[in-house]
2 protein chains.
Amino acid sequence: MNPQIETRSEIRADIIKALAHPSRVLIAEALSDGERCVQDLTKLVGADISTVSKHLSIMKKSGWLEVEKRGLNQFYRLRCPCLLEFFRCVDLINLVRPKKTENQACC
Amino acid sequence: MNPQIETRSEIRADIIKALAHPSRVLIAEALSDGERCVQDLTKLVGADISTVSKHLSIMKKSGWLEVEKRGLNQFYRLRCPCLLEFFRCVDLINLVRPKKTENQACC
DNA sequence: CTTTTATTTGGCTATTCTGCCAAATAGATA
DNA sequence: TATCTATTTGGCAGAATAGCCAAATAAAAG
């Protein structure tokens, strides 16, 4: 198929995928509290700064984040407060999620 | 670290990851309209039935879906209507997402 | 009990994603 | 201009995912 044309489910999956990593969730959580520069987020995540920079660029490209340069720093922030609603939904799912013990029972 | 202990961001990322694929988004969209059996979802997705079955098991394990067997069929359904809210948030992000043309301009 | 239908599981390959290091860039400061 | 600081990019190796086929299960129907 034409790779230029994304279906709705592909678009949605791309945007969702941009949050589907523990470090990116952590970054999103931190930014829901206000903008942060790359160094600060790197301390938070505990990975190499180049790794964090790549996570940020994925999140920016997908539309979750925007960035503003001031002085030597790049300040990243959330583009939409709906993220909190998004996490609320995820946490609801976690409540009904089958527990590991249920799945691992015997066998 | 102890692999038994999942941090909040890991839990959230796992649940989000379970929707981070075009076929799984498609499945979720279909199920928001009511339960479906594996065959029907397979037609919808257009992949091998074993592939679809694996997608379903990922979604079930994460808590998004539940399943009920009736006769020869397994009927899958959404566990929580909050999914629609979730997609609404994703679609909002899509509106502010940087366009490909903006990114691909020259070079 | 055998066969049929629906679904899941195992196994393998191909692709995509992650994370680190090293090098490049961009601006600020000396 | 040279240097420092913050960040991004390139590249590579290892890990995780996705998809297909074939085989295994499970229950219904004959």
Side-chain angles (χ1 to χ4, degrees), chain A residues 1 3 6-7 9-10 13-27 30-31 35-62 64-77 98 103-104 106-107, chain B residues 1 3 6-7 9-10 13-28 30-31 35-62 64-77 98 103-104 107:
Chain A
M1 309 269 171
E6 268 192 309
T7 63
S9 56
E10 284 169 342
D14 277 347
I15 293 171
I16 294 169
K17 212 183 300 183
L19 279 185
H21 185 288
S23 302
R24 297 202 285 266
V25 169
L26 211 50
I27 289 168
L31 295 183
E35 62 175 22
R36 295 277 189 289
C37 68
V38 183
Q39 288 188 104
D40 288 350
L41 293 169
T42 298
K43 277 175 216 144
L44 174 75
V45 167
D48 192 273
I49 194 170
S50 68
T51 300
V52 173
S53 175
K54 280 174 186 172
H55 282 309
L56 289 167
S57 100
I58 290 168
M59 295 172 79
K60 188 179 71 167
K61 189 159 73 107
S62 71
W64 286 108
L65 304 186
E66 61 188 0
V67 63
E68 183 188 342
K69 178 151 202 169
R70 289 202 306 277
L72 281 176
N73 298 293
Q74 300 275 5
F75 287 93
Y76 281 89
R77 51 175 174 260
N103 293 333
Q104 292 175 345
C106 57
C107 25
Chain B
M1 306 266 173
E6 268 192 309
T7 63
S9 56
E10 283 168 343
D14 278 346
I15 293 171
I16 294 169
K17 216 183 298 183
L19 279 185
H21 186 288
S23 302
R24 297 202 285 265
V25 169
L26 211 51
I27 288 168
L31 296 183
E35 62 175 23
R36 296 277 189 288
C37 68
V38 183
Q39 289 188 104
D40 289 349
L41 293 170
T42 299
K43 278 174 215 143
L44 174 76
V45 167
D48 192 273
I49 194 170
S50 68
T51 300
V52 173
S53 175
K54 279 174 186 174
H55 282 310
L56 289 166
S57 102
I58 289 167
M59 295 173 79
K60 189 180 69 166
K61 188 159 74 105
S62 71
W64 287 108
L65 305 185
E66 61 188 1
V67 63
E68 183 188 341
K69 178 152 202 169
R70 288 202 306 275
L72 280 177
N73 299 293
Q74 300 276 4
F75 289 93
Y76 281 89
R77 53 176 173 262
N103 295 333
Q104 292 175 346
C107 20

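Every value quoted in this text rests on a predicted model; they were computed, and no experiment measured them.
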Take A/Leu41 and A/Leu31 through the test side chain to side chain contact (heavy atoms under 4.5 Å, CB included) and record every step on the way to the result.
CA-CA 9 Å; A/Leu41 293 169; A/Leu31 295 183; 4.2 Å; yes

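- A donor-acceptor pair is defined here as one N or O able to donate and one able to accept, closer than 3.5 Å; no such pair exists between the side chain of B/Asn73 and the backbone of B/Phe75.
- Summary of the strand contacts: B/His21 and A/Val52 both lie near DNA chain D, and taking for each the nucleotide with the nearest heavy atom, the more 5' one is attributed to A/Val52.
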What do the steps show when you test B/Lys60 against B/Gln74 for side chain to side chain contact (heavy atoms under 4.5 Å, CB included), and what is the final call?
CA-CA 12 Å; B/Lys60 189 180 69 166; B/Gln74 300 276 4; over 6 Å; no

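- Taking only side-chain atoms of B/Leu72, from C-beta outward, the nucleotide of D/dA27, D/dA18, D/dT7 with the closest atom is D/dA27.
- The closest donor-acceptor contact from the side chain of A/Arg24 to the backbone of A/Lys17 lies under 3.5 Å.
- Residues satisfying the side chain to side chain donor-acceptor pair (under 3.5 Å) criterion with B/Glu66, sequence neighbours excluded, are B/Arg77.
- If you take CD of B/Glu68 and P of D/dA26, they are 19 Å apart, rounded to a whole angstrom.
- If you measure from atom CG of A/Asp48 to atom P of D/dC12, you get 18 Å, rounded to the nearest angstrom.
- Look at CD1 on B/Ile49: it is 13 Å from C1' on D/dC20, rounded to the nearest Å.
- A/Thr42 approaches A/Asp48 most closely through the heavy-atom pair CG2-C, 4.4 Å.
- Atom P of nucleotide D/dT17 and atom NZ of B/Lys54 are separated by 13 Å, given to the nearest angstrom.
- Summarising the geometry, the separation between OH on A/Tyr76 and C1' on D/dT7 is reported as 8 Å, rounded to the nearest angstrom.
- When rounded to the nearest whole Å, the span between NZ of A/Lys17 and C1' of D/dA18 equals 11 Å.
- Atom CG in B/Leu41 sits roughly 15 Å away from atom P in D/dG19 (whole-Å rounding).
- As judged by a 4.0 angstrom heavy-atom cut-off over every strand, B/Arg24 is placed among residues touching the sugar-phosphate backbone only.
- In this structure, the CG atom of B/Asn73 is 11 Å from the C1' atom of D/dA28, given to the nearest Å.
- Here the closest non-hydrogen pair linking B/Val38 and B/Ile49 is CG1-CG1, 3.8 Å.
- Nucleotides of DNA chain C nearest to A/Arg70 and A/Thr51 differ in position, and the one nearer the 5' end is that of A/Thr51.
- Between chain B and DNA chain C, the heavy-atom contact criterion of under 4.0 Å yields a 5' to 3' nucleotide range of C/dT5 to C/dG11.
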